[in-house]
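Below: the structure, in structure tokens.
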Amino acid sequence: MKSLDSILGDPRLTVRRSGEPDPDGKCVVYWMQRAQRAVDNPALTAAIETGNRLGKPVVVFLQLVPHSHHGNLRHYQFLVDGLGDIAADLQKRKVGLVVRRFPDHGLLRFCSGVRPCLVIADENPLMEAERTKTRIAQKISVPFWTVDADVVVPSKLLTKEHYGARTIRPKIHALLPQFLREVRNPAAKFLWRTPSRVQSLVSNLSLLDNFPIDRGVAPSKHFHGGSQEAQLCLERFLRSRLKGYATQRNKPDLDGTSQLSPYLHFGHIGVQRVALAVPRTDAPAQDRKAFLEELIVRRELAVNFVRFNCNYENFDACEPWADVTHRKHARDLRQYLYSEKQLEDAETHDPLWNAAQKQMVLTGWMHGYLRMYWAKKILEWTESPQAAYQIAVRLNDRYELDGRDPNGYAGIAWAIVGKHDRAWGPERPIYGKVRYMSFASTSRKFNSKAYIARVAALERGTI
DNA sequence: ATCGGCTCGCGCAA
DNA sequence: TGCGCGAAGCCGAT
């Protein structure tokens with residue numbers, strides 16, 4: 001047996017349960033959760049390299065669990081869209097695939113059947129995912145490792161919750177030479193044959209038939225999951241929208257952003273692939289810089305927030321200065337007060353806000369610039385910042401394809417409780433010193449009429 | 001179009 | 001202890 005030291009020494013890897021891999025085990029299991037792709041996936045690569053050194057085949061275990069992260073049909077359809085690419089890419093790498101559906105989805109039950117030497121999983125900073133891993137680590141009888149596969153800089157290296165972009169930026173930049181590298185894509189040396197019935201199951205969209213999930217949100221007609229779709233989305237962005245990104249990204253009428261967030265959320269594309277493609281374009285330096293700032297610094301700041309602040313889902317994530325100002329303004333008169341239902345149905349007096357809400361409900365994606373405005377207005381139009389936070393989280397998680405993502409929580413926390421921000425400008429009603437966004441100014445910064453008209457056309461089904 | 005004032009606290013140099 | 005400077009702000013002056 002060759003040494004596993006170089007794999008274990010990777011800073012991306014965390015040993016959740018230590019010990020020697022079972023020499024009588026039949027395979028290495030990669031429990032695929034967050035990183036749903038079979039290329040550019042450091043966790044899969046770690047599993048394959050481990051298998052190759054142990055002389056064992058590798059099998060990917062993927063579970064379809066209902067109500068996972070409060071997901072609905074929109075999210076599950078996007079997930080299932082991606083399974084065909086995963087199966088095809090795994091076959092090229094001589095790795096097996098097992099998809100198990102509720103109620104026969106338990107990892108431990110699967111392990112008792114296949115007898116792995118060890119289990120490797122990917123990282124997910126959300127609390128439930130972390131709790132599940134802790135439970136598995138306690139119960140499993142073989143070594144259990146996790147690999148941080150969906151960030152450039154392994155999130156544990158940032159060691160604490162950072163105060164803002166300006167404190168995390170130099171730390172991330174210092175580590176980029178070490179971590180912003182192509183992910184190796186070796187093939188397994190020892191073949192695991194996936195039974196053909198699994199192949200057909202994966203290519204069959206009836207995977208969701210009779211699956212007990214919330215079917216109240218329709219699948220997106222505008223975004224389809226999968227590594228190939230993600231790659232096409234990346235190429236379209238690099239070809240036509242990276243140039244000018246620095247100035248156009250905050251103009252929702254132009255769709256100047258990458259629109260990669262659903263794919264990054266499901267792990268259908270690796271952040272390294274996206275980041276490393278940028279210098280190979282002829283886009284101006286300021287545009288590349290602006291995009292990499294969003295893709296790496298701010299995205300990983302959001303991961304840092306979720307990983308190190310257990311209150312990311314509620315108002316208690318509040319910054320102390322924002323808490324003081326919110327208390328002071330708790331009884332301020334709300335000129336507009338909307339129920340969650342009115343907000344959900346886009347029935348406010350504000351045409352820009354309604355359009356943003358409808359874009360999210362109809363397509364599963366809201367432009368990033370409007371996500372800020374959207375959350376700020378929920379603060380303004382509900383009875384308390386606590387309620388606003390809850391409503392913003394629920395609507396975001398229900399309708400956005402990238403709901404339940406660190407970016408969503410960090411964005412809402414920025415808008416409502418001052419996370420990664422500071423007190424700014426004159427004290428205003430309701431907001432106090434929390435940064436304000438006005439309808440007048442926001443709608444003047446881009447062609448808001450064109451944006452509203454486009455969403456109206458979407459609603460009529462003419463685009 | 002672009003600028004300055006508004007305003008606060010972290011992180012670091014000293 | 002003091003200083004620089006910051007995720008997206010607004011508004012009014014030029």
Side-chain angles (χ1 to χ4, degrees), chain A residues 158-174 244-258 261 286-306 308-309 312 317-329 335 350 352-353 356 366-381 385 388 392 396 405-448 451:
Chain A
L158 280 325
T159 64
K160 57 163 186 172
E161 185 185 357
H162 272 264
Y163 184 75
R166 80 192 154 88
T167 67
I168 209 170
R169 188 179 296 114
K171 302 232 172 355
I172 287 177
H173 277 276
Y245 182 83
T247 52
Q248 309 291 64
R249 80 191 130 105
N250 282 350
K251 299 184 175 176
D253 52 313
L254 300 178
D255 274 345
T257 58
S258 75
S261 58
Q286 55 167 0
D287 296 325
R288 299 180 193 189
K289 191 179 160 204
F291 178 63
L292 291 174
E293 167 78 10
E294 303 286 336
L295 180 74
I296 303 176
V297 174
R298 297 192 193 171
R299 181 166 176 269
E300 297 190 14
L301 176 61
V303 171
N304 172 267
F305 166 52
V306 165
F308 293 105
N309 189 325
Y312 62 84
C318 199
E319 286 296 318
W321 65 264
D323 196 31
V324 170
T325 208
H326 276 319
R327 281 174 201 275
K328 193 170 159 196
H329 291 270
Q335 195 187 346
D350 178 334
L352 180 58
W353 193 94
M366 189 197 298
H367 190 283
Y369 184 66
L370 286 174
R371 291 191 193 201
M372 297 190 281
Y373 181 75
W374 177 85
K376 293 271 184 202
K377 292 298 160 186
I378 297 176
L379 167 62
E380 190 177 327
W381 300 335
N396 178 79
D405 190 275
N407 278 324
Y409 299 114
I412 290 165
W414 172 83
I416 297 178
V417 299
K419 184 57 63 179
H420 307 147
D421 205 7
R422 58 161 170 137
W424 199 303
E427 205 161 334
R428 293 168 196 276
I430 308 172
Y431 290 82
K433 292 173 181 174
V434 172
R435 190 187 298 260
Y436 177 68
M437 288 177 85
S438 71
F439 169 78
S441 177
T442 305
S443 57
R444 224 184 297 118
K445 283 185 175 150
F446 60 97
N447 190 342
S448 54
Y451 173 77

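Counting only heavy atoms from C-beta on, A:Arg422 has its side chain closest to C:dG6 among C:dG9, C:dA7, C:dG6. Residue A:Lys171 has its side chain nearest to B:dC12 when only B:dC6, B:dC12, C:dA7 are considered. Nearest to the side chain of A:Asp421, among C:dA7, C:dC10, B:dG11, sits C:dA7. Considering only the side chain of A:Lys445, C:dG9 comes nearest among C:dA8, B:dG11, C:dG9. Distance from the side chain of A:Arg169 is smallest for C:dA7 among the nucleotides C:dA7, C:dC10, B:dT7. Of the candidates B:dT7, C:dG4, C:dA8, the closest approach to any side-chain atom of A:Arg166 belongs to C:dG4. With distances taken from any side-chain atom of A:Thr167 to the nucleotides C:dC10, B:dG11, B:dC8, the minimum falls on B:dG11.
A salt bridge links A:Lys419 and A:Glu161; the closest N-O separation between the charged side-chain nitrogens and carboxylate oxygens is under 4.0 Å. A salt bridge links A:Arg298 and A:Glu293; the closest N-O separation between the charged side-chain nitrogens and carboxylate oxygens is under 4.0 Å. A salt bridge does not link A:Arg422 with A:Glu319: every distance from a Lys NZ or Arg NE/NH1/NH2 to an Asp or Glu carboxylate oxygen is 4.0 Å or more.
Phosphate contact (OP1/OP2 of C:dG9, side-chain N/O of A:Thr442, threshold under 4.0 Å): absent. Contact between the side-chain N/O atoms of A:Arg435 and the OP1/OP2 oxygens of C:dA7 is not found at any separation under 4.0 Å. Between A:Lys433 and B:dC8 there is a side-chain N or O to OP1 or OP2 distance below 4.0 Å.
The P atoms of B:dT7 and C:dG12 are separated by 16 Å, rounded to the nearest whole Å. Nucleotides B:dA14 and C:dC5 place their P atoms 14 Å apart, quoted to the nearest Å. C:dA7 sits 14 Å from B:dC12 when the P atoms are compared, rounded to a whole Å.
Using a 30° and 60° split on the angle between ring planes, A:Trp374 and A:Trp353 fall in the parallel class, below 30°.
Nearest heavy-atom pair across A:Phe446 and A:Leu352 is CZ-CD1, 3.9 Å. The shortest heavy-atom contact between A:Asn396 and A:Arg371 is OD1-NH1, 4.3 Å.
One atom, CH2 of A:Trp424, and another, P of C:dG6, lie 9 Å apart when rounded to the nearest Å. The nearest whole Å value for the distance from the CZ atom in A:Phe305 to the C1' atom in C:dA7 is 15 Å. Straight-line distance from the CZ atom of A:Arg298 to the C1' atom of C:dA8: 7 Å, rounded to whole Å. One atom, CH2 of A:Trp414, and another, C1' of C:dA8, lie 5 Å apart when rounded to the nearest Å. A:Tyr431 has its OH atom 12 Å from the C1' atom of C:dC10, to the nearest Å. A:Leu370 places its CG atom 21 Å from the P atom of C:dA7, with the value rounded to the nearest Å. Taking atom NE2 of A:His420 as the reference point, atom C1' of B:dC10 lies 13 Å away to the nearest angstrom. Counting to the nearest Å, the P atom of B:dT7 and the OH atom of A:Tyr436 are 18 Å from each other.
Note that the NZ atom of A:Lys445 and the NZ atom of A:Lys251 stand 11.5 Å from one another [nearest 0.5 Å].
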Dot-bracket for DNA chain B, 5' to 3', counting Watson-Crick or G-U wobble pairs under 3.5 Å, with [ ] for crossing pairs and | for inter-strand pairs? ||||||.||||||.
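Counting only heavy atoms from C-beta outward, the side chains of A:Lys433 and A:Lys328 never approach each other to under 4.5 Å.
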